[in-house]
2 protein chains.
Amino acid sequence: MLETAVISIDHSSGVPLYRQIVDQVLLAVSTGRLKPGSRLQTVRQLAIDAQINPNTVSRAYRELDIRGFVRTRRGTGTFIVGDKGVARDEARHREAVEQFCNQVLADAGRLGLSLSELVASLQDRLTERR
Amino acid sequence: MLETAVISIDHSSGVPLYRQIVDQVLLAVSTGRLKPGSRLQTVRQLAIDAQINPNTVSRAYRELDIRGFVRTRRGTGTFIVGDKGVARDEARHREAVEQFCNQVLADAGRLGLSLSELVASLQDRLTERR
DNA sequence: TGGATTGTACTATTCATATAGTACATTAGC
DNA sequence: GCTAATGTACTATATGAATAGTACAATCCA
């Protein structure tokens with residue numbers, strides 16, 4: 001039971017749930033947060049945690065399996081595959097940052113927060129950190 | 001024809017198209033990129049540019065109209081509304097920014113994205129503007 | 001006045017997504 | 001072998017989103 005809760009679902013983002021799962025696992029792999037052999041949450045557990053249907057989780061895991069990033073075994077669980085995990089993929093990582101920022105901006109826009117004040121606030125935290 | 005193409009659609013993001021439009025307009029308003037009186041692209045033009053259906057654009061504009069951010073007039077176009085900027089509570093606003101940033105940092109952390117690269121990416125967008 | 005432009009309404013259709021519910025298959029471990 | 005846990009298959013259903021197509025309404029402008 002070493003699996004960490006890497007996956008969190010945003011029900012209001014508009015992004016398909018199964019896709020949020022896939023994306024987050026891929027990202028976690030590319031950042032090294034999930035290493036080969038790491039065990040994902042069980043289908044049922046993630047379904048409970050994220051308050052979604054087990055079928056939806058299963059679908060996401062199956063897609064990851066097909067794409068070769070995880071290996072799934074009935075009765076056992078779903079695990080990150082050994083050497084598919086290629087050392088941190090820089091391109092993918094940059095893409096992830098881009099997408100994440102896009103989402104942040106969209107959310108901010110909805111809340112009426114401006115880009116400049118976000119940057120300012122985040123920057124403060126950068127300098128604060130020692 | 002002074003409207004600038006503020007809106008770009010990502011067909012592969014999973015985010016509903018009409019929602020991308022709404023979000024981007026809100027963001028552009030909050031950053032001052034779109035000012036009161038600015039004219040949005042026409043329904044048909046944006047539909048062509050973004051390669052989507054005019055109905056989808058219309059739906060987005062209608063939502064923005066209902067929420068009071070734009071004013072739409074047949075035969076004329078769709079324009080950013082004057083003072084939706086409501087005199088705002090600065091303290092409350094700063095608090096909102098703080099909370100939002102906390103959430104962003106939590107999400108980023110879970111995904112394995114560092115604060116510094118986020119700030120860098122967001123900063124790029126600040127200077128990109130024109 | 002008349003035509004061009006703009007946004008809207010409406011119906012129908014297609015597709016993806018998510019869900020519920022049930023049953024089953026595989027594996028681990030006692 | 002038995003049981004619990006795991007993932008899977010299947011059917012059915014509901015909903016949202018996007019599209020196509022057509023017609024219409026309001027406005028502007030020459």
Side-chain angles (χ1 to χ4, degrees), chain A residues 1-3 5-25 37-81 106 110, chain B residues 1-3 5-25 37-81:
Chain A
M1 291 29 141
L2 289 178
E3 65 265 28
V6 185
I7 300 162
S8 76
I9 297 299
D10 180 352
H11 285 266
S12 67
S13 75
V15 180
L17 307 182
Y18 79 93
R19 184 163 174 174
Q20 292 185 44
I21 297 173
V22 170
D23 287 348
Q24 288 186 38
V25 170
S38 297
R39 186 178 196 254
L40 298 179
Q41 288 159 286
T42 71
V43 166
R44 286 176 176 80
Q45 191 55 54
L46 177 51
I48 292 171
D49 292 349
Q51 306 207 46
I52 60 183
N53 193 285
N55 289 333
T56 304
V57 180
S58 182
R59 168 174 176 180
Y61 282 7
R62 201 179 324 140
E63 178 169 334
L64 285 165
D65 193 317
I66 291 171
R67 292 172 63 178
F69 290 96
V70 306
R71 177 65 181 283
T72 254
R73 283 183 356 228
R74 281 180 167 174
T76 310
T78 301
F79 303 83
I80 302 296
V81 158
R110 226 176 292 124
Chain B
M1 285 32 145
L2 287 180
E3 64 264 29
V6 185
I7 300 163
S8 73
I9 296 299
D10 181 352
H11 284 266
S12 67
S13 75
V15 180
L17 308 182
Y18 78 92
R19 188 163 169 175
Q20 292 186 43
I21 296 173
V22 171
D23 287 349
Q24 288 186 38
V25 170
S38 298
R39 186 179 196 253
L40 298 180
Q41 288 158 286
T42 71
V43 165
R44 286 176 176 81
Q45 191 56 52
L46 177 51
I48 291 171
D49 293 348
Q51 307 207 43
I52 60 183
N53 193 286
N55 289 332
T56 305
V57 179
S58 183
R59 171 176 173 179
Y61 282 7
R62 201 177 327 139
E63 179 170 333
L64 285 165
D65 192 318
I66 291 170
R67 292 171 62 179
F69 290 96
V70 306
R71 178 63 181 281
T72 255
R73 281 179 359 220
R74 282 181 166 173
T76 310
T78 301
F79 302 83
I80 302 296
V81 157

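By convention in this document, chain letters (A, B, ...) are assigned in the order of the sequence lines, proteins followed by strands, and residues within each chain are numbered from 1.
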OP1 or OP2 of [N] versus the side-chain N and O atoms of [X]: is any pair under 4.0 Å?
{"X": "B:R74", "N": "D:dC28", "answer": "no"}
{"X": "A:T78", "N": "D:dT6", "answer": "no"}
{"X": "B:Y18", "N": "D:dA17", "answer": "yes"}

Could you state the atom-to-atom distance from [atom1] of [X] to [atom2] of [N] in whole Å?
{"X": "B:F79", "N": "D:dT27", "atom1": "CZ", "atom2": "P", "answer": "12 Å"}
{"X": "A:R44", "N": "C:dA23", "atom1": "CZ", "atom2": "P", "answer": "14 Å"}
{"X": "A:L17", "N": "C:dA18", "atom1": "CG", "atom2": "C1'", "answer": "7 Å"}
{"X": "B:R39", "N": "C:dG7", "atom1": "CZ", "atom2": "C1'", "answer": "11 Å"}
{"X": "A:N53", "N": "D:dT13", "atom1": "CG", "atom2": "P", "answer": "16 Å"}
{"X": "B:R71", "N": "D:dA26", "atom1": "CZ", "atom2": "P", "answer": "14 Å"}
{"X": "B:Q51", "N": "D:dA18", "atom1": "CD", "atom2": "P", "answer": "15 Å"}
{"X": "A:I21", "N": "D:dG7", "atom1": "CD1", "atom2": "C1'", "answer": "14 Å"}

Which distance, rounded to the nearest 0.5 Å, do you find between the [atom1] of [X] and the [atom2] of [Y]?
{"X": "B:L17", "Y": "B:R59", "atom1": "CG", "atom2": "CZ", "answer": "10.0 Å"}
{"X": "B:Q20", "Y": "B:I9", "atom1": "CD", "atom2": "CD1", "answer": "4.5 Å"}
{"X": "A:N55", "Y": "A:R62", "atom1": "CG", "atom2": "CZ", "answer": "8.0 Å"}
{"X": "A:I21", "Y": "A:E63", "atom1": "CD1", "atom2": "CD", "answer": "10.5 Å"}

Task: side chain to side chain donor-acceptor pair (under 3.5 Å) partners of A:T76, counting only residues at least two apart - done: none
Task: Within residues 54-65 of chain A: residues closer than 4.0 Å to DNA chain D (heavy atoms) - done: A:N55, A:S58, A:R62
Open item on the list: Check this for me: B:R71, atom CZ, are more than 12 non-hydrogen atoms of other residues, nucleotides or ligands nearer than 6.0 Å?
Closed with: no
- [ ] With DNA chain C as reference, determine whether A:R73 or A:H11 sits nearer its 5' end, using the nearest nucleotide of each.
- [x] A:H11
Open item on the list: Using side-chain heavy atoms (C-beta onward) and a distance below 4.5 Å, is B:Q45 in contact with B:V57?
Closed with: no
